[in-house]
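For reference, the structure discussed in these notes is given below.
Chain letters run A, B, ... following the sequence lines, proteins first, then strands; residues in each count from 1.
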There are 2 protein chains.
Amino acid sequence: MNKVSTLEDIAREAGVSASTVSRVLNGSKRVADAKRALVLAAIARHDYRPNLVARGLVRGRSMTIGVLMQDIGSPFFASMVSGIERGLDHAAYRPMFASTHWRSEHQEDEARSLHLLLERRVDGVIVLASSIPDAELRAVAAQLPLVVVARSVPGLETQCLAIDNVEGAYRATRYLIGLGHTRIAHLAGTPGHPDAADRLTGYRRALADAGLPENPNLIVAGDFLESSGLRCVEQLLANGEQFSAVFAANDQMAYGAMLGLYNHGYRIPADVSVVGFDDQFLSAYTLPPLTTVRQPSFEMGEVAAQAMLRLLNNEAPALPQIPVDLIIRKSAVLLRQSA
Amino acid sequence: MNKVSTLEDIAREAGVSASTVSRVLNGSKRVADAKRALVLAAIARHDYRPNLVARGLVRGRSMTIGVLMQDIGSPFFASMVSGIERGLDHAAYRPMFASTHWRSEHQEDEARSLHLLLERRVDGVIVLASSIPDAELRAVAAQLPLVVVARSVPGLETQCLAIDNVEGAYRATRYLIGLGHTRIAHLAGTPGHPDAADRLTGYRRALADAGLPENPNLIVAGDFLESSGLRCVEQLLANGEQFSAVFAANDQMAYGAMLGLYNHGYRIPADVSVVGFDDQFLSAYTLPPLTTVRQPSFEMGEVAAQAMLRLLNNEAPALPQIPVDLIIRKSAVLLRQSA
DNA sequence: TTCGAAGAGGAAAGCGCTGTCAATATCCCG
DNA sequence: CGGGATATTGACAGCGCTTTCCTCTTCGAA
């Protein structure tokens, strides 16, 4: 492991001062062609790369932006993260991720993850969902550029990028109603989670607007994971409650639900229609392809990154409104008259 | 945006020298209880957090380890990344990711991503697959701790963690043969990709060992993505070639294949059996659940991280052998006699 | 009471880089 | 050919923190 060379080494090699090397590195000031050539030659000879840590220290900016989320392994976050990388690709900024999965029980630990990022002096923070309290987020926003995705924080409206969950759920449910379904089960997300609450609200509202009764037995709570979708359906079936359609709070739960239905011999969509929420990439490949409310996670990540760049540039974040779209595929169909 | 406080501020506040503050921060030397208390109080009052960038500069270690991969958005990588985070969770190290998706055409750009990491002076690098040339990887290994996952680099055997792709594909194919299938199509991975080549080899070897003829028309190449699985199946069907089973080079292609089959009215597994490779998390939730060769991505990531920690500690990486396992679910069954 | 050892804490020298400031060199015009 | 303007360059002071190195106490033993 031979020592990696420093700017000082290059300066000595090229017979110039450190300042000059720095100047050719940054193009911050004119340097005579002859000297520049000498420096460049030395750099090439040593395969020299400036130490960004040192540069960060003196410039006071680390050129990295922190991204806080619950689980980078979940497809929804992975996709957003991918979008963030994309959005940052041409900037000199790099994302640094911190997930809190392993210890998500304790909200305190989410704060720890945030501090991990802050200690590394990230220049900005992008928060994906997360259960950190609004107040703490506002405190962060007072310190450095902050963009919040898939969540909306009172007082930070201009820096939040979220879709209208109520509206999305409303559309999904209304679609099912339009197909003739009246006994529509809802697999809700984690109790207490804002998205879960909003989507439940949209479901209820659609029912109410259609003059349909709300059956509490048809609403069962999961936790946004596939396994819970499966569990919820088992429970519904065990209760003997009749239903011809299922609206799941997210696609992952919808996958689990479809598996549960399949295991019990129900055909989708012939026997039961299923609609999800998120439009994960894989939802176009399920059997049958899933009808779902689109939450463009990749694009949201990309847009969030661009907004962050703008914020870092002291411009307005200019976060757009995200339209909610129902993607109609094959998992929901007209209710059979015979049913 | 009020200024964030520095160690100097704390020292002044507490009426001690910077050295003392540093000492209580690191516990590197005894400090009188009275002074320690003063310092701690000042720290608490200011909510002071040491600047890890500065510390990294003086200590010569950034406490971050770089992770290079093709696409953090792909479920396979996302899962490994998740494992890496887990493996690093209790260490003071943080991963810093760099994907090369957007420009994967040019191998040159992968090198650029690697440099992005090196410029930030990561203390070690974990490479996930990637198409960076072996030689370059060896050069990196000479500079700093390196662990390579899901790929094996000659000369770096002890630092590589990979499953036996040939064996895995062999098992999958033999399983299908054992089920009575003789016309088994193979949806190969990206031409030129080592994994793709190895899996194809395993498939061929199993056929040969069973005395089955190899039909070139039954082998069609994709690119490891869902869309290509779909495309491959379309092509197979268009060719009018007979087959009762499909072995896909990875689960994603298997998903696409299943959709293609479904679209054409074939039932799985009744009409066509399908086997994948990887055992992605979602494969347990497809309809029917997918029989596949397990590549424990999460665990591989975790193990790689631990090996990296050991390397950083000047110990032997001690990378274990990963057993290959065929996970039997519902997507492949005995060939119907009638067929 | 005196001396040495050990304990505590401060001063200062960097880590690798940038950016200011002043010095030197170069150049134009009258 | 002189004067001032302009272009280049080097010296140097940090960025925030760690880590010798060294001084100053304090305390026990002789």
Side-chain angles (χ1 to χ4, degrees), chain A residues 2-40 42-43 46-64 92 115 118-123 143-144, chain B residues 2-40 42-43 46-64 92 115 118-123 143-144:
Chain A
N2 42 47
K3 190 92 170 16
V4 31
S5 46
T6 74
L7 179 147
E8 212 70 50
D9 297 334
I10 301 300
R12 202 170 319 113
E13 268 276 315
V16 300
S17 74
S19 328
T20 300
V21 177
S22 171
R23 287 194 272 257
V24 345
L25 243 30
N26 301 288
S28 44
K29 232 175 161 188
R30 279 220 62 71
V31 169
D33 289 344
K35 302 226 173 201
R36 144 172 289 106
L38 280 175
V39 172
L40 258 16
I43 287 177
H46 288 239
D47 192 28
Y48 167 75
R49 306 260 161 191
N51 180 335
L52 259 32
V53 174
R55 178 180 294 174
L57 181 58
V58 28
R59 291 224 260 236
R61 17 181 48 230
S62 60
M63 303 309 282
T64 99
H115 283 304
L118 296 181
E119 283 179 342
R120 287 195 140 75
R121 294 300 187 270
V122 293
D123 297 328
Q143 291 284 140
L144 37 72
Chain B
N2 42 44
K3 191 95 169 16
V4 30
S5 48
T6 75
L7 179 145
E8 212 72 49
D9 297 334
I10 301 300
R12 202 171 317 113
E13 268 276 315
V16 300
S17 75
S19 328
T20 300
V21 176
S22 171
R23 287 195 270 256
V24 346
L25 243 30
N26 300 289
S28 45
K29 228 177 164 190
R30 282 216 58 73
V31 169
D33 289 344
K35 302 226 173 200
R36 144 171 290 107
L38 279 175
V39 171
L40 258 16
I43 287 177
H46 288 240
D47 192 28
Y48 167 75
R49 305 261 162 191
N51 180 334
L52 260 31
V53 174
R55 178 180 292 175
L57 181 59
V58 30
R59 291 225 259 241
R61 15 180 50 229
S62 60
M63 301 309 282
T64 99
H115 284 303
L118 295 181
E119 282 178 345
R120 288 193 140 77
R121 293 302 186 267
V122 293
D123 297 327
Q143 291 283 141
L144 39 72

R36(B) has an atom CZ; how far is it from atom C1' of dA8(C), in whole Å? 12 Å
L7(A) and A18(A) have their tightest heavy-atom pair at CD2-CB, 3.4 Å
Contacts of S22(A) that satisfy side chain to side chain donor-acceptor pair (under 3.5 Å) - sequence neighbours left out: N26(A)
Every protein N/O within reach of nucleotides 23-28 of chain D N/O, cut-off under 3.5 Å:
none

How close do G60(A) and D123(A) get, counting heavy atoms only, and between which atoms? O-OD1, 4.4 Å
Residue pair M63(B) / R120(A), side-chain heavy-atom distance below 4.5 Å: yes
Produce the list of close N/O pairs, under 3.5 Å, pairing protein atoms with atoms of nucleotides 17-21 of chain C; give distances to one decimal.
| unit_1 | atom_1 | unit_2 | atom_2 | d |
| --- | --- | --- | --- | --- |
| dC17(C) | OP1 | Y48(A) | OH | 2.5 |
| dC17(C) | OP1 | N51(A) | N | 3.0 |
| dC17(C) | OP2 | L7(A) | N | 2.2 |
| dT18(C) | OP1 | N26(A) | OD1 | 3.4 |
| dT18(C) | OP1 | N26(A) | ND2 | 3.1 |
| dT18(C) | OP1 | R55(A) | NE | 2.7 |
| dT18(C) | OP1 | R55(A) | NH2 | 3.0 |
| dT18(C) | OP2 | S22(A) | OG | 2.9 |
| dG19(C) | O6 | S19(A) | OG | 3.2 |

Closer than 4.0 Å, any side-chain N/O of R30(A) to the OP1 or OP2 of dT8(D)? yes
Given atom CG of L57(A) and atom P of dT18(D), what is their separation to the nearest angstrom? 12 Å
Contact class for V31(A) (heavy atom, under 4.0 Å): base, sugar-phosphate, or nothing? sugar-phosphate
If we only count heavy atoms from C-beta on, is the V24(B) to K35(B) side-chain gap below 4.5 Å? no
Below 4.5 Å, heavy atoms only, C-beta onward: do N51(A) and T6(A) meet side chain to side chain? no
Does dG7(C) have its OP1 or OP2 closer than 4.0 Å to a side-chain nitrogen or oxygen of K35(B)? no
Find out whether V122(A) and E119(A) are in side-chain contact, i.e. whether some heavy atom of one side chain is under 4.5 Å from a heavy atom of the other. no
Picking from dT9(D), dG10(C), dG16(D), the nucleotide nearest the side-chain atoms of S17(B) would be dG10(C)
So, for R121(B) and P50(A), which heavy atoms are closest and what is the spacing to 0.1 Å? NH1-O, 3.7 Å
Holding to side chain to side chain donor-acceptor pair (under 3.5 Å), I want the full list of residues that pass it with T20(B), two or more places apart in sequence or in another chain. S17(B)
Whole-Å distance, L118(B) CG to dG16(C) P, equals 16 Å
The helix from dT1(C)-dA30(D) to dG30(C)-dC1(D): angle between its terminal axes, five pairs each, to 10°? 50°
May I have the distance from R12(B) (atom CZ) to dG16(D) (atom C1'), rounded to whole angstrom? 12 Å
If we only count heavy atoms from C-beta on, is the L144(B) to L118(B) side-chain gap below 4.5 Å? yes
How long is the line joining CZ of R120(A) and P of dC15(D), in whole Å? 23 Å
Residues which pass side-chain contact (heavy atoms from CB on, under 4.5 Å) with I43(A), listed by chain and number, not counting sequence neighbours: I10(A), L25(A), V39(A), L40(A), Y48(A)
